[in-house]
Amino acid sequence: MELAVAEGLHRIGPEGHLPEHPQPVDQHIVEIVSDSGEGAQTAGQLFGSISARMGNGVWTVEIIPAEIEPPPRSRPGASGNRIRLGRTRVTNSGDTADVMVAFNEQVLFGRIDSGALRPGSRVFMDNKWATDPQPEIRQQYAEALEEFRKRGYLVQEIPLEEECKRLVPDPRRGKNMWTLGLLCSLYQRDMNIAREEVKRVFSKKKTDTLERNWQLVQAGYEWANTHLPLRYQISATPSAEPTVVMNGNQAVALGLMAAGIDVVSMYPITPATSATHYLAGVLERAGGFIHQAEDEIAAVNFAIGASYAGRTAATVTSGPGLALKTEALGLAVMAEIPLVVVVVQRGGPSTGLPTKVEQGDLLASMFGQPGDAPKIVMAPSTIAECFEFMIEARKLAETYRGPVIVLTDANLATGQQPFPRPDVQEKDLAPPIPQSPWPQGQPPYAWDPVTGLSPRPIPGQLNGIHVVTGLAHDEHSHVAYESGTNQRSSVMRSRKLATFFRTLRPPKIYREPEGDLLVVGWGSTRGAIEEAVDRVRDEGKRVSALHLRFLSPLEPGLREIFSRFKKVLTVEINYSDDGRDEAVPPEARRYGQLAWLLRGSTLVDVDCWTRVPGHPLQPSEIENELRRQLDLA
Amino acid sequence: MELAVAEGLHRIGPEGHLPEHPQPVDQHIVEIVSDSGEGAQTAGQLFGSISARMGNGVWTVEIIPAEIEPPPRSRPGASGNRIRLGRTRVTNSGDTADVMVAFNEQVLFGRIDSGALRPGSRVFMDNKWATDPQPEIRQQYAEALEEFRKRGYLVQEIPLEEECKRLVPDPRRGKNMWTLGLLCSLYQRDMNIAREEVKRVFSKKKTDTLERNWQLVQAGYEWANTHLPLRYQISATPSAEPTVVMNGNQAVALGLMAAGIDVVSMYPITPATSATHYLAGVLERAGGFIHQAEDEIAAVNFAIGASYAGRTAATVTSGPGLALKTEALGLAVMAEIPLVVVVVQRGGPSTGLPTKVEQGDLLASMFGQPGDAPKIVMAPSTIAECFEFMIEARKLAETYRGPVIVLTDANLATGQQPFPRPDVQEKDLAPPIPQSPWPQGQPPYAWDPVTGLSPRPIPGQLNGIHVVTGLAHDEHSHVAYESGTNQRSSVMRSRKLATFFRTLRPPKIYREPEGDLLVVGWGSTRGAIEEAVDRVRDEGKRVSALHLRFLSPLEPGLREIFSRFKKVLTVEINYSDDGRDEAVPPEARRYGQLAWLLRGSTLVDVDCWTRVPGHPLQPSEIENELRRQLDLA
Amino acid sequence: MYGLKQDWGQRTPPRYFFLEDYVSDVPRWCSGCGDHSVLGALQRLARDEQLAPEKTVVVSGIGCSSRLPHYMKTYGFHGLHGRALPIACGVRSRRPDLDVFVITGDGDCCAIGTGHWIHAIRYNMKMAVMLLDNNIYGLTKKQTSPTTKLKGRSNTHPDGSPLDPINPLSVTLSVANVSFVAQTIDWNPPHLYATLQAAHRHPGFAFVRVLQRCPHYTPEVFEPVQKDRSLVLYLSHKKGIQVDGAVSKLFKNQAEHDPSNLAAARAVAERADAYPIGLLYQKPETPRYDLLSARGLDTPPAARIQAINRLLDSFQI
Amino acid sequence: MYGLKQDWGQRTPPRYFFLEDYVSDVPRWCSGCGDHSVLGALQRLARDEQLAPEKTVVVSGIGCSSRLPHYMKTYGFHGLHGRALPIACGVRSRRPDLDVFVITGDGDCCAIGTGHWIHAIRYNMKMAVMLLDNNIYGLTKKQTSPTTKLKGRSNTHPDGSPLDPINPLSVTLSVANVSFVAQTIDWNPPHLYATLQAAHRHPGFAFVRVLQRCPHYTPEVFEPVQKDRSLVLYLSHKKGIQVDGAVSKLFKNQAEHDPSNLAAARAVAERADAYPIGLLYQKPETPRYDLLSARGLDTPPAARIQAINRLLDSFQI
Ligand SMILES: Cc1ncc(C[n+]2csc(CCOP(=O)(O)OP(=O)(O)O)c2C)c(N)n1
Ligand SMILES: Cc1ncc(C[n+]2csc(CCOP(=O)(O)OP(=O)(O)O)c2C)c(N)n1
Ligand code: SF4
Ligand code: SF4
Ligand SMILES: [Mg+2]
Ligand SMILES: [Mg+2]
C-alpha cells in the first residue's frame, strides 16, 4: 500500500470517511501525546478546563514519562494528557481513547504499549515525519502508519508542524496550542470560554505570549473547521454552582490548609511531592509552615514534635517514606499524638514503580508497627474527597488523639476533575491551641474507661506538666512496666477505634441492595468500578458495588450487606494470587489487601480480582471480570 | 503478734511445721531473688544446671530489673532467677513459686507484684534485717513479715548473712553460693555434680575464688542438713545422650554459627543484644564476622550488601529495630536477596516494654512493607528450636531467595532449658560461594514459571553480570515499568510462598485429634499451652492444642483440623479486644495476631484469648480460660 | 473543640520558682553517674533564670541520659532512639514562646542520630543541646559507641573497639551554620552550670558536649580525668564561659582561646593531650531557621480563610 | 546446594578488556548532564586498570546519578535512597577480591544518607565513592538539597533556599579516620579521570565530590563555573592529582596544597572565592575496617565445626 503523505488540507487517509454532521456522543476520551517539553500537557489541561466550564463532566490525567528528559521520539518518552469528557459527571479515566493527537509516531507506540488504543480509535498524526530529512525517520514513520492501520486505528495525518511554522519560528512551542484549537473545533467548544482559559494560563507571561498562543489556537480551530468534516457533539449542562478543577494532590494541599494544618513536614518523594510543591508556594499565605526535612524519619518526628507542642501537623509521603516512618507512627499511637499522614500510594514493593498507581499500602498502614498500634485509616475516592478528607482527618486525629493515615494514590494525585467549589469555613480550621490552665490534678491521659478518649495538655498550660514517652505508661504518662497498666493502656488505645466505629453508619450500596455479585472497592477505583457495574447492571445482571472510605476501623454492617449477595468480590490495584492459578493451592492463596481485611472481619468468603498494571484499572477490564464472575455464579 | 526474730538455728516461724521425711513432688518452682549485684542469677543458673545434669527437666528464667543499677532494697530492683524442676521435661516457667529464697523483703514484694507467689508458697528470708542498725529498716522488715504471713506464705527466716560472715568478709559476695548449698540440701542434689558445675563456672577465676565459693555452698548445704527437717524429692532419669543447657539467645547465636552464617550485622537493642554479645566473643572462631552498625537501617543494609556479595548474612533485632528495617526488607523481597532476620520480640508498640515478652510483631513481619512483600515467617517454640530454626532459616532464605523472619521473644531469649546436644554438621554450613562461570545467557532472575524459584549469580561469576534494583524489573533485572512485567514479577515473588507451602505437612495436634476446643498457639507459649491442655484434658475435657511453626505461609490443613473441633481459640501474648467487653461492638473487635491470620485464611470463627502482661502466660491462667471456654461450649 | 480549651494567650501572674519546682521523680541512675550532675545543673539554671516550668520543654531520645526529662518537673518528651533533635526542632518550629532543651547520648546523637545531628546544627534553631557522652551505650548494657576509645572494651567488642572514636566537637564544627559549641565535665558543677547557662542564653543551636561519668560501665574513661586535672584544658577568654576565680584556679592547664575563631576552635577540639573545656566557638549572628519557621503564627482565621479562598479562585472555572 | 555451584576459587584465564566491555545500556540522562562524564571516566578507568567486569561492583542509592550502575557492564547494586554506603560496606566486608565503587548524589549522601556517610568515612573500608553533586534533587524534579546554595530556587523553596549549604568536603574532613578527600568537575574529563584513578588506587575510603552539571534544573549553578575558569582553584602538589601539563595550564587560578596537611585541607575546602579541585587530603596509612572484617574468610569447614563444637562443650552438662 502506498503511504498517505499529507500534501494539503484535503488529504484524508483511506479509512478516514468522516461524517459530515456532528456525531452525538455521551462521552469521549481524547489524548494528546508528544515528546516531553512540547507542551501537550498544557493543551490537554486547557481542553479539560474549557470543557468543564461548558458543563461537561471531565476527568483529565497526565501521561508522564519515567525519565526527566527522555530522548525525543521514544516510546517511554510519551508525555501528554488524557481528557475524558462526558455529558454528565465523569469519575475515571475510562478505557481506550476515542481520539488521539500524536506529535510523532513513537510516542503513539508508547501509548499502544499502555493499552490506550483500540481498533477504531481515531488518530491525528503530525505528517512532518513523512518528509523528514533523515531517511530512517521517514521509514520509521511510514512503517508505523502501516502498522497503525493494520491495528485498525483510523489514522488521519495533519500538517501540524507545517501550519504552526506559519505563525511561530519554533513549532515545538506552538503545536500544542494549535492542537487545542483543532480539538475545540472537533468538539465545538465555546471559543469565548477557550479564550478566557488560555488567558488565565498565560496571565503571568508577557502579553505577546498570550497573543501568540491564542493565534495558534485560532489557527488550529480554523484549519479544522475548514478541513475536517468531522464533529462530535457532547451536550453539557453548565453547573450553577461555582466549580473548581484541580488534581488530587492540589486538593490534598488545599484541604490541609482548609483544615488549618499549621505545619507540613515532608521529604520529597514521587508521587506525593507535587502536593508539597504547591504548599511550598502557598502555605505561608495562610500562616502555615512547610518543612523539608533531611529524611522521612526527621520529617515525621518533626511533625510529631510540632503536634506535641499543640500545632496541627501533617506529613505527606509515599510507600518508601511510609516504611521509614513506621517507627515514629508507633510512637504517635503510643503517646497519643495527633498527626495527619497522607500517603500517595505508588507501585511497590521497595522503590517499585515510583510514578505509577497502586493500592498496596493498606496493610502496611494498619499493621506496619511492631506491637499493637491501632489507628484510623481512610481513603478518598474522588478529587473532592481528597480535599474533604483532610479536614476530616485533622479532626479525627485530634478527637481520637493519634495518627490518621489517609491513603490516596498516583491516580488521584494526577487526575483532575471538576467539583463544587468547597466552602471554606472558619469552623474547620484547627482551633488555637489551649493555653489556659489544665484542670488541677487531671492526668495527661485521663482515659474515659468506655471510650478511651482523653483530653490533651499542651506545653504552656499550667498544671498540665507531664513527660510524653513511647515506653509503656500509666495515665500520668509515668513509665510503668506492671502487667495491669500495660494491659489497661493497651485497651484504652484500642478502645478508641471501637468508639469511632460506633459513630459510623453502614456504607451505601451502589445500585440495588441485593443480588448475585457485590463488588467492593476502596480509594481511587470507585469511578471505574461503578461505571463497570452500571454497564453490567444496565443489562439486567444483578451486580452492585460498595465503596469503603474507612478501612480501620472497617465500616459497620458489612457482614449483613454481604449476606444479601451470592458472591462478594473486591477489586483492587494491588497484588493477589489469581484464584484460577493452578500453581497456587487454594489454602495458600494470597488475597488482595481489602479482601484480606474483609475475610478476617466478616468470615464471608470474599474473593478478589486485583491487578498491578501500574495504571488505573479500566472500567472495561472490571466489566469483563464481572461478567466472568456472573457467568460462574 | 510478736515478730519472729531468728535467734538461732531452730527458730522456725509459727506456720513452719515442716515434714520430717522427704516429700515427693513431680515438679517444683524455686526462685532466688536479691538486689542486683548479689549474684542470685549465678546461683539460680547453677541450681538449674546441677538439676539438669541429674536428669531433671528444667526451665530457668532470669528475673531482671528494668534499671541498670536499681536502688538496693527496692521492689523494681528484684533480680534473680526462677528455676522450675520436673521429673520429666519442663517446657515453661510455670505458675507460682513453691519455694522462694529472698535476700530482703522488698525484692520479695517485687515478686509478689509480678504474681509469683500464692498462699502456701514457702519463703526463706534472710533474717539480718531484723537487727538492722536503722530502725526504719527493722520496721519495714517486721511489717513485711506480718504481711507475708497474712497472705499465707510459709515464711522461714534464715541466718543467711550471719552464716556467710563466718566465711567471707563481704557477705554480698557469698550469700548466693550459700543459698545454692541450702537448695542442694532441700532438693537432695548430688554434691559431686554440684562441685563440678561450680568448678565450671569459676574455672576462669583464681583457684581460691573457686574454693571460697565451694566452701560457701558446703556451709549452706550443711546448715540446711542440720537445721531444716524439710526435704523434697524429685526423681530424675539422667539422659544417656549428651545434653546442653543454654538460653534462647545463646541458642540463636550458636544456631547462626552452625548454619554457617558468615556476617551478622546488628545494632544493640534489648532483648536481642545478648545474642550478639555472645557472637561478638565467638563468631570469629568459626571464621565469621559481626558488625555493629551505626543504626538498624545500616545494619540491615550492610547485611543485604554482604548477602548480595554471596556471603550468608543475618541481622538480629527487636521491635523498634524491625520498624526501622521495614524499607530494606522490602528491598530484599524485591531484589530477592537471602537474609535471615531474627526478631526477639518485646513489649510494644513503640519503645514499649523493652525487657518484657510479647508476641506482637507477627503482622508487622508479614505486612510491614508498603506494596506486596511476600516472605517466610517462622517462630521457634523451644530453646532447641531457637538453634535448629537458624539452620532452617538460612536454607530457606537461600532456596526461596529472600528474607526469612524468625520470631523469638524475651521469654525464649532469657529462658534456659536442657536439650540434646545438637550434632553440628558440615552439610548444614552454608556452602562456599559459587565463582565458576554463570551459564551464558541465563538471566539473573530465571524464574521457574511454576515455582517462582531462580538461581542467583554472585559477583565474581563470569557471565552473571547484572544490576540489582529495588525498582520493578524483568528477569534480566532491567528496570521495567510495563504492566505485564510488573504483574508477572509480582506473581513470581508470591509464587515462592505457594511453592514452599507445598513442601509443608499439616501440623500435629497435641492430644486427641478432635474435641470441643482446639487451642492454637505459636512461639514461646507452647509449653504453657500444652501444660494447661494436659491439666484439663486429663480431667476428661475434650481440649487439644495445635502449635504453628510457620506463620507465612500458614501450614496446610488448618481448616480441616479446625472442622474437627467445636471451637477454635488462639492463645497469644499480644493485644486483642476482649470478646466479653461490652464497649466493643462484636463487628469492631480487634483480634490477636494469629487469630487474625487464621480467620482470614480459614474463614473459621477463630476466637482468641490474648494478654499483654509483659511476662510469660502461666499455665494456670490458660487453664482457667480453657475451663471457661469449655463451660460456655 | 475536641475537648480542648481555647482561651488563647491568657497571661499568668508573676510567680517565683524554687528549686523544688523543677524536681520531679527520684532519678533512677546509678550512684556516681554524671547524669545526676547534669540534672542538678539544669534544675538550678531553670530556677536562676526563673523559667516557667510550663513553658519549658526537655526533649530526649532513648538511653540512660535520655531518662532525664522524667526527673524535671517541666514539660518533657522522651522520644525515640536517635530522634530527639527532629522532635525538638518540630516543637521549636512553631512555639517561639517555649524554652527547648535537648538531652541526648553518644549513641543517641552520634550513632543512630547522626543525620539529624548534622542537619539540626545547620538549621540553627534556638535550643540548648546537651550531649551526655559517657563513651558507651549505658542503657542497653555496655556496647561500643561511636565515641568509645580505640581498644575500649565492651560487650560488642570484647577485644576492644577496632576504630578511632568520632570527635563530636570536630564534626559539629564542620557543619554550615554552626553557632555554638562548648564542652564541659559533669564533675565540676560550676563549670557545667556556667556552660549550660551560656548555651541557654545563646540565640541559636547551642551544642554542649558533657563528658559524663558512667561508673557502672566505663569508670576507666573519666575517673582518671577526674583525678588528674592536667588532663583537662581549661579554655579562658572574655567571650568564653565565665566561672568564679576560685573554680578556674583549680585548672592548672589553661589556654586562652577566642571562641569567634573557627579554625582555632577546630584545632582545640582535636587536642590529643587534654580535653578542652569551655566555649570553643560561638557566632551569635548566625541565621536561624526557627525565626523563619515561626512566621505567620499570628495570622487571624479570617485572613487564613481569605488566603485559601484566593487560592481556590485560581482553580475555579 | 540451593541451586548454586560450589567450585570456589576457580581461576579465570587472563583476558583483555576494551571500553565496550564496560558499556551497557544507553544512559537515560538529559543531554549535557554531568553524569555522562562520570560514567565515561569510570568506564575508561576500568579499561585502563583492566578491572575484570565480574569482579567490579558499582553500588548506588536512588537519584538521577544513582542510575549509573545500570550503564556499567559490571555487577551493580542500585539500592535504596540514602543507603548506598551501608550496602557497599556490606559488599566490601567479606569480598576483599572485589573492586567497589559507590555512586551517590547530594540528596542521597548529604540528606537522607548523612549518618551512613559519616560512619562510612570512619570505617575507612576500601572503596571509591563519588558524590555527584548537582546542588539539587534531580530525579524527583527539583527540590532543595543540602548543597543547594542559599537563596537557590527550587520547587520546595520557590523563594529560594533559606539555609547556607552544607560543605561536604568540610564535613568529610572532620570525621575520624578520614583518609582521602578530593574534588573534581565533570566538565574536565582529564581531571575527573585522574581523580577517580587516584581514588581507586587509594587503600581505603576515597571520597570524591564531583561538581556535576544539571542543565535541566540547575544550569545557573555550574555553567558560570564552567565558563569562568577563575572560579576553579586548581590544587597542585607532587602528592596530589596529576594531570597533563596541557590540562593543568588551563587553570589560571592555582594553589600549591600539600594533601597530607589536614588543617590546610580544611581551610582549602572552605574557600569562598573558588571551588578547589584536586586532592585535598590523603593519609594512606589510616587503619582499615575492611581488613578486620575480612579476617577468617579462609577458615575451612572442619575448623568451623570444631570451633562450634568447642563452644557447645561449654554448654554441655
Ligand atoms: C530503634 C532503637 N534501636 C535501639 C534501641 C536500644 N537502645 C536504647 S538506648 C541505646 C543506646 C544508648 O546509648 P547512649 O545514647 O550513649 O545513652 P546512654 O545510655 O549511654 O546514656 C540503644 C541502642 C532502641 N531503643 N531503639
Ligand atoms: C525513602 C525514599 N525517599 C524519597 C525518595 C525519592 N527520591 C528519589 S531520588 C531523591 C533525591 C535525589 O537527589 P540526589 O541524591 O541529589 O540525586 P540526583 O537526582 O540529583 O542525581 C529522592 C528524594 C525515595 N526514592 N526513597
Ligand atoms: S549505666 Fe552508666 S550512664 Fe547509665 S545510669 Fe549507670 S552510671 Fe549512669
Ligand atoms: S535532571 Fe539534571 S541530574 Fe538528572 S539527568 Fe537531567 S541533567 Fe542530569
Ligand atoms: Mg552513652
Ligand atoms: Mg543531586
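Of residues 171-184 of chain C, those residues with a non-hydrogen atom less than 4.5 Å from any non-hydrogen atom of chain D are, in numerical order, C/Val171, C/Ser174, C/Val175, C/Ala176, C/Asn177. Below 4.5 Å, heavy atoms of chain C meet heavy atoms from D/Tyr123, D/Ser145, D/Pro146, all part of residues 123-161 of chain D. At a heavy-atom cut-off of under 4.5 Å, chain D is reached by C/Leu262, C/Arg266, C/Glu270 from residues 261-288 of chain C, listed in order of number.
Contact annotation for D/Ile166: both backbone and side-chain heavy atoms come within less than 4.5 Å of a heavy atom of chain C. Using a 4.5 Å cut-off between heavy atoms, C/Leu163 contacts chain D through both its backbone and its side chain.
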Working for side-chain contact (heavy atoms from CB on, under 4.5 Å), residues D/Asp164 and C/Arg122:
CA-CA 8 Å; D/Asp164 264 308; C/Arg122 180 169 171 252; 5.7 Å; no

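Judged by distance alone, the side chain of C/His119 and the main-chain N or O of D/Cys110 form a donor-acceptor pair under 3.5 Å.
One distance of note links CH2 of C/Trp117 with CD1 of D/Ile118; it measures 7.5 Å at 0.5 Å rounding.
Listed by first and then second residue, the ring-ring contact (aromatic ring centres under 6.0 Å, His included) pairs that reach into residues 159-178 of chain C come to none, sequence neighbours excluded.
Counting heavy-atom pairs under 4.5 Å between each of D/Pro165, D/Gly82, D/Gly113 and chain C puts D/Pro165 at the top.
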